[in-house]
Amino acid sequence: MRITTWNINSVRLRMNLLEKFIQMTSPDVICLQETKAHDDVFPHELIKQLGYEFLAFSGQKSYNGVAILSKYPIEDVFSLEFYNEDKRHIAGKINGIEIHNFYIPAGGDEPDIEINPKFKHKLEYIKLVQEWFATNRNKTDKIVLVGDLNIAPHEHDVWSSKQLKKVVSHTPIERELLINLQNSFEFIDSGRHFTPMEEKLYSWWSYRGKEWDKSNRGRRLDHIWVSLPLKDNLKKIVSLREARGWERPSDHVPFTLDLK
DNA sequence: ATGGTTGGCGCCCAA
């Protein structure tokens, strides 16, 4: 089973890129974030024409929004709403595996919970996810957790750990909380399972600043984790860097896992 | 220390 996570930054604007990616990669399951489309305007007919008959989506106007596109039936679909009415999560069971698609809050600019409520909300959100899994799921369940988690947890998940240590997405508190969440459920980080810790691995390059390709100031914000029963099924991952150079790209690239 | 770009929507906000 081939599973992709991709923050597409407006699904309606980038249907042509989605089609291009599908032709290249043909995943069984595609999890999208930042669809930025209310359910009433989600392009479900077009996506079905691309070969994804089974869809689950939870969207809102302008912001957030997540979707699961699947070649196989999706059962037991539900969404967690940890903050306001934000559409940041959708889950469902495909071929006996429960897939959780998250769009964790970005957290604003200032990494200080006293003056920035968005940062506070981000940290709380991660703790709530951890509590939810501890309370509602077992480590023996077959689970895949994907999404734009908006945190680059390890040193070589960013172009300069030193220069980004006070930048939201790579502050010590966020890194610690995300690693705690991962360890608390013994999730396996597929990106680092296949890429040595000392090797750079990115999934996002900012729109700001010229020459993203040459300067290569990337971050690994997008992740696919699997629960312990799926560890031996891990086959390979691909972070599709070239997608950042496509015409009118998302600032995130598709990240794909193959499971035996 | 600062400013840089993009998308959605409505005349600015979030990333």
Side-chain angles (χ1 to χ4, degrees), chain A residues 5-21 31-44 46 57-67 81-89 101-113 115-126 146-153 157-160 162-171 174-175 178 202-223 240-255:
Chain A
T5 181
W6 190 11
N7 178 322
I8 198 165
N9 188 15
S10 173
V11 66
R12 288 176 292 175
L13 189 71
R14 276 183 251 286
M15 281 302 294
N16 59 330
L17 297 190
L18 181 62
E19 182 173 7
K20 179 176 179 162
F21 173 69
C31 295
L32 301 176
Q33 304 88 33
E34 277 207 271
T35 52
K36 291 185 174 177
H38 190 274
D39 292 349
D40 295 344
V41 295
F42 189 85
H44 50 91
L46 283 168
F57 45 91
S58 176
Q60 66 189 85
K61 195 177 169 183
S62 302
Y63 307 113
N64 311 318
V66 287
E81 288 178 11
F82 288 141
Y83 180 77
N84 295 339
E85 305 285 293
D86 279 10
K87 307 302 186 192
R88 295 182 176 277
H89 170 268
N101 178 11
F102 280 100
Y103 174 49
I104 289 184
D109 288 330
E110 197 59 56
D112 182 344
I113 59 169
I115 59 171
N116 176 11
K118 288 183 200 167
F119 191 67
K120 186 164 183 269
H121 162 214
K122 181 180 193 177
L123 303 186
E124 283 168 358
Y125 194 97
I126 298 159
V146 314
D148 176 4
L149 307 186
N150 264 317
I151 296 171
D157 293 337
V158 296
W159 61 277
S160 168
K162 198 172 171 181
Q163 283 177 259
L164 291 175
K165 69 182 182 193
K166 291 178 182 169
V167 174
V168 172
S169 74
H170 194 64
T171 63
E174 293 169 84
R175 296 170 65 184
L178 192 70
Y202 308 142
S203 66
W204 174 89
W205 291 260
S206 175
Y207 284 130
R208 305 175 198 185
K210 291 289 169 195
E211 299 193 296
W212 73 272
D213 194 8
K214 210 164 96 184
S215 62
N216 199 26
R217 294 183 168 189
R219 303 179 204 170
R220 186 171 72 111
L221 304 179
D222 302 273
H223 302 268
L240 192 67
R241 190 180 190 276
E242 69 173 81
R244 185 62 179 79
W246 291 348
E247 199 181 333
R248 293 198 83 181
S250 169
D251 44 356
H252 296 252
V253 300
F255 182 85

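Per chain, numbering begins at 1; letters A, B, ... match sequence-line order.
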Distance in angstrom units between A:K210 NZ and B:dT6 C1', rounded: 11 Å
For A:K61 and B:dG10, is the shortest distance between a side-chain N/O and OP1 or OP2 below 4.0 Å? yes
Please list, chain by chain and in numerical order, all residues satisfying side chain to side chain donor-acceptor pair (under 3.5 Å) with A:K162, sequence neighbours excluded. none
Those residues that, when tested against A:R244, pass side chain to side chain donor-acceptor pair (under 3.5 Å) (two or more places apart): none
Determine the Euclidean distance between corresponding P atoms of B:dA14 and B:dG10; express it in Å to zero decimal places. 14 Å
Shorter than 3.5 Å, N or O on both sides, protein versus nucleotides 13-15 of chain B: list them out with atom names.
from   : atom 1 : to     : atom 2 : distance (Å)
B:dA15 : N6     : A:R208 : NH2    : 2.8
B:dA15 : N1     : A:R208 : NH2    : 3.1

Below the 4.0 Å mark, does B:dG7 have OP1 or OP2 next to a side-chain nitrogen or oxygen of A:R12? no
Once you round it to whole Å, what is the distance between P of B:dG7 and CD1 of A:I8? 12 Å
Go through A:F21 and A:W6 one step at a time and tell me if the ring pair (Phe, Tyr, Trp, His ring centres under 6.0 Å) criterion holds. CA-CA 10 Å; A:F21 173 69; A:W6 190 11; 5.5 Å; yes
Integer-rounded Å distance: B:dT6 P and A:W205 CH2: 17 Å
Could you measure between the two C1' atoms, the one in B:dA15 and the one in B:dC9, and give it in whole Å? 15 Å
Could you tell me the separation between the CG atom of A:L13 and the C1' atom of B:dT6, rounded to a whole number of Å? 10 Å
With sequence neighbours excluded, tell me which residues meet side-chain contact (heavy atoms from CB on, under 4.5 Å) with A:E110. A:D112, A:I115, A:N116
Taking atom C1' in both B:dG7 and B:dC11, compute the distance separating them and give it to the nearest angstrom. 15 Å
Please enumerate all residues that pass side chain to side chain donor-acceptor pair (under 3.5 Å) together with A:R219, with sequence neighbours excluded. A:S169
Using side-chain contact (heavy atoms from CB on, under 4.5 Å) as the criterion, list what pairs up with A:N216, not counting sequence neighbours. A:Y202, A:W205, A:R241
Pick base, sugar-phosphate or nothing for A:R217, based on heavy-atom distances below 4.0 Å to the nucleic acid. nothing
